[in-house]
Protein chains: 2
Amino acid sequence: MPLLMLKDLPRYECLLEAARSFPDLDPSACEAFLNLLRAGDEAYRQSESFFSEHNISPGRFTVLMLLSGTLGREPLPQTPAELAEKAGVTRATITGLVDTLERDGLVRREHDSDDRRMMLVHLTQKGHAALREILPGHFKRMAALMAPLSEHERKTLVRLLDKVAGQASAMGPGARSQSQAAAV
Amino acid sequence: MPLLMLKDLPRYECLLEAARSFPDLDPSACEAFLNLLRAGDEAYRQSESFFSEHNISPGRFTVLMLLSGTLGREPLPQTPAELAEKAGVTRATITGLVDTLERDGLVRREHDSDDRRMMLVHLTQKGHAALREILPGHFKRMAALMAPLSEHERKTLVRLLDKVAGQASAMGPGARSQSQAAAV
DNA sequence: AAACGATGATTAGCCGCCTAACTACTTGGC
DNA sequence: GCCAAGTAGTTAGGCGGCTAATCATCGTTT
């Protein structure tokens with residue numbers, strides 16, 4: 001998540017003191033929120049750093065994953081609109097990502113035969129090979145990052161994060177709307 | 001965190017099945033990792049949506065917060081290098097952010113009198129007023145997002161996220177290095 | 001006094017996100 | 001058959017991140 005963010009978060013004690021001047025400041029909510037942004041950003045930068053070693057970006061990797069279908073199965077061509085919906089970005093963004101993936105030979109576009117407004121984006125053999133090369137290291141990196149947490153702690157983390165994500169969706173603007181997708 | 005990310009994460013059962021084809025895939029680590037990215041992204045988008053109502057971006061907001069010093073205290077002029085270090089971005093990025101903040105009259109730059117290589121960035125009165133206008137709503141939004149979690153769950157979340165962030169730092173490339181900063 | 005190495009900030013160009021507008025195409029009503 | 005409305009994808013421009021290069025400045029050495 002390339003986004004500007006503080007490297008060191010304020011201590012809880014500082015938040016308590018700040019709450020004196022700002023009655024709307026809930027110290028524990030603030031602390032949790034900032035820690036979530038920071039951990040999410042660091043997790044993203046970890047994957048970004050790893051992907052750059054393979055000359056790909058997280059966004060392009062996600063597009064390749066969506067086109068590969070369920071892991072180990074048949075590639076699944078999709079339209080830019082479908083990719084955008086599943087990835088939670090705009091169709092304009094997908095155009096840019098597919099442009100560079102096509103330039104590098106990892107995907108190819110073709111018009112739908114029935115409706116020429118629509119494109120189908122296909123994973124190429126080269127794209128498939130690129131994924132197979134990247135995935136083991138990606139999974140190792142994920143596992144390494146989560147190594148300090150026990151199985152129980154991971155389940156707890158997922159449960160708490162899901163609560164927050166659910167609330168973000170319920171709060172509306174800014175959160176990604178519901179859709180069905182499966183890709184790692 | 002404007003970054004491309006899946007809207008709906010794969011179910012744990014799908015990860016278990018995928019692990020058959022990819023021995024490096026640790027299902028619980030993968031699930032936790034993806035949930036962290038998604039929740040972090042949604043939290044970021046929540047704040048981004050809120051800030052856009054005030055014609056500011058999260059990055060610029062962070063710069064203003066760093067210049068305001070500890071909440072409620074005296075503004076604290078800083079150099080672009082200090083801002084970059086504390087925010088965990090490059091000096092080039094800070095140049096761009098300060099450019100637009102200066103254009104909008106929220107900050108001003110002046111050369112350091114002793115060393116003219118260095119700039120000092122000051123928060124203006126207008127910038128200070130903008131912060132005071134934004135902060136109550138920002139804190140309310142944070143509190144609303146974290147409302148589904150009890151105090152105990154928030155503490156647990158912070159503890160688990162801190163473990164992950166610590167591990168990211170230990171893993172090196174991609175993670176933000178340690179520095180001292182306090183700003184909300 | 002001049003040269004050199006280092007530092008701080010900025011600039012240039014790329015990438016990935018956005019919104020808004022545009023182009024190509026499809027569908028349905030008349 | 002024509003036209004209006006809507007859809008899909010792309011383009012243009014802005015913003016915020018990056019790297020690498022450039023410019024201005026400082027301190028040290030000769």
Side-chain angles (χ1 to χ4, degrees), chain A residues 1-5 7 37 41-42 44-45 47-49 51-53 55-63 77-85 87-104 107 109-121 173-174 176, chain B residues 1-5 7 41-42 44-45 47-49 51-53 55-64 77-85 87-104 107 109-121 173-174 176:
Chain A
M1 88 205 28
L3 63 90
L4 194 143
M5 196 171 311
K7 292 167 82 175
L37 288 186
D41 180 56
E42 298 214 7
Y44 176 77
R45 283 175 186 259
S47 65
E48 190 177 38
S49 170
F51 287 134
S52 71
E53 293 167 17
N55 292 320
I56 201 165
S57 65
R60 281 187 242 157
F61 171 80
T62 300
V63 172
Q78 285 172 79
T79 68
E82 288 167 337
L83 292 169
E85 175 70 11
V89 295
T90 65
R91 288 171 292 148
T93 296
I94 292 296
T95 294
L97 291 168
V98 171
D99 277 350
T100 54
L101 286 168
E102 192 177 41
R103 178 196 68 197
D104 295 341
V107 303
R109 281 171 166 116
E110 73 178 17
H111 276 285
D112 187 83
S113 49
D114 292 329
D115 189 334
R116 292 184 60 81
R117 288 174 295 181
M118 295 169 68
M119 289 287 194
L120 278 175
V121 184
R176 303 167 189 264
Chain B
M1 83 202 34
L3 63 91
L4 194 144
M5 194 170 311
K7 291 166 83 174
D41 180 56
E42 297 212 10
Y44 178 78
R45 282 175 186 258
S47 65
E48 190 177 38
S49 169
F51 287 134
S52 71
E53 291 166 18
N55 292 320
I56 203 166
S57 66
R60 281 186 241 157
F61 171 80
T62 299
V63 171
L64 295 184
Q78 286 171 79
T79 69
E82 288 167 338
L83 293 169
E85 175 70 10
V89 295
T90 66
R91 286 171 292 150
T93 296
I94 291 296
T95 294
L97 292 168
V98 172
D99 278 349
T100 55
L101 286 168
E102 191 176 42
R103 177 197 70 199
D104 295 342
V107 302
R109 280 173 167 116
E110 72 176 18
H111 276 287
D112 186 84
S113 48
D114 291 328
D115 190 333
R116 293 182 61 81
R117 287 175 295 181
M118 295 169 68
M119 289 286 192
L120 279 175
V121 185
R176 300 167 191 267

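Please read all numbers here as calculations on a predicted model, not as lab measurements. Letters A, B, ... are given to chains in the order of the sequence lines, protein chains preceding strands, and every chain is numbered from 1.
One atom, CG of B:D112, and another, P of C:dG8, lie 12 Å apart when rounded to the nearest Å. As a whole-Å value, the separation of B:I56 CD1 from D:dG14 C1' is 17 Å. In this structure, NE2 of A:H111 is placed 11 Å from P of C:dA24, rounded to the nearest angstrom. Between A:D104 atom CG and C:dC15 atom P the separation is 9 Å, expressed in whole Å. Atom CG of A:L37 is separated from atom P of D:dG17 by 13 Å (rounded to the nearest Å). If you measure from atom CZ of A:F51 to atom P of C:dG16, you get 13 Å, rounded to the nearest angstrom. When the C1' atom of D:dG16 is taken as reference, atom CG of B:L101 falls 12 Å away, rounded to whole Å. When rounded to the nearest whole Å, the span between CG of B:L97 and C1' of C:dT10 equals 14 Å.
In terms of phosphate contacts, B:R116 brings no side-chain nitrogen or oxygen within less than 4.0 Å of OP1 or OP2 of C:dG8. Listed pair B:R103 / D:dC15 meets the phosphate criterion, a side-chain N or O lying under 4.0 Å from OP1 or OP2. For the pair B:T90 and D:dC18, the criterion of a side-chain N or O lying under 4.0 Å from OP1 or OP2 is met.
Taking both residues in full, the closest heavy atoms of A:T79 and A:E82 are given as N-OE1, 2.9 Å, listed atom of the first, atom of the second, then distance. For B:R91 against B:P80, the heavy-atom pair with the smallest separation is CG-O, 4.3 Å. Closest approach of A:R60 and A:N55 over heavy atoms only: NH1-O, 4.2 Å. Taking each heavy atom of A:L97 and A:T100 in turn, the nearest pair found is O-OG1, 3.0 Å. B:R45 approaches A:G88 most closely through the heavy-atom pair NH2-O, 3.6 Å.
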Base-contact (B) and sugar-phosphate-only (S) positions in nucleotides 6-11 of chain D, heavy-atom cut-off under 4.0 Å, - elsewhere: BBBBBB

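Salt-bridge annotation for A:D99 and A:R103: absent, with no side-chain N of the basic residue lying under 4.0 Å from a carboxylate O of the acidic one.
Relative to the axis of its first five pairs, the axis of the last five pairs of the helix from C:dA1-D:dT30 to C:dC30-D:dG1 sits at 30°, rounded to 10 degrees.
At least one side-chain heavy atom of B:L64 sits under 4.5 Å from a side-chain heavy atom of B:I56.
Residues passing the side-chain hydrogen bond (donor to acceptor under 3.5 Å, both in side chains) test with B:T90 are B:T93, sequence neighbours excluded.
The side-chain contact (heavy atoms from CB on, under 4.5 Å) test with B:M119 is passed by exactly one of B:H111, B:Q78, B:E110: B:H111.
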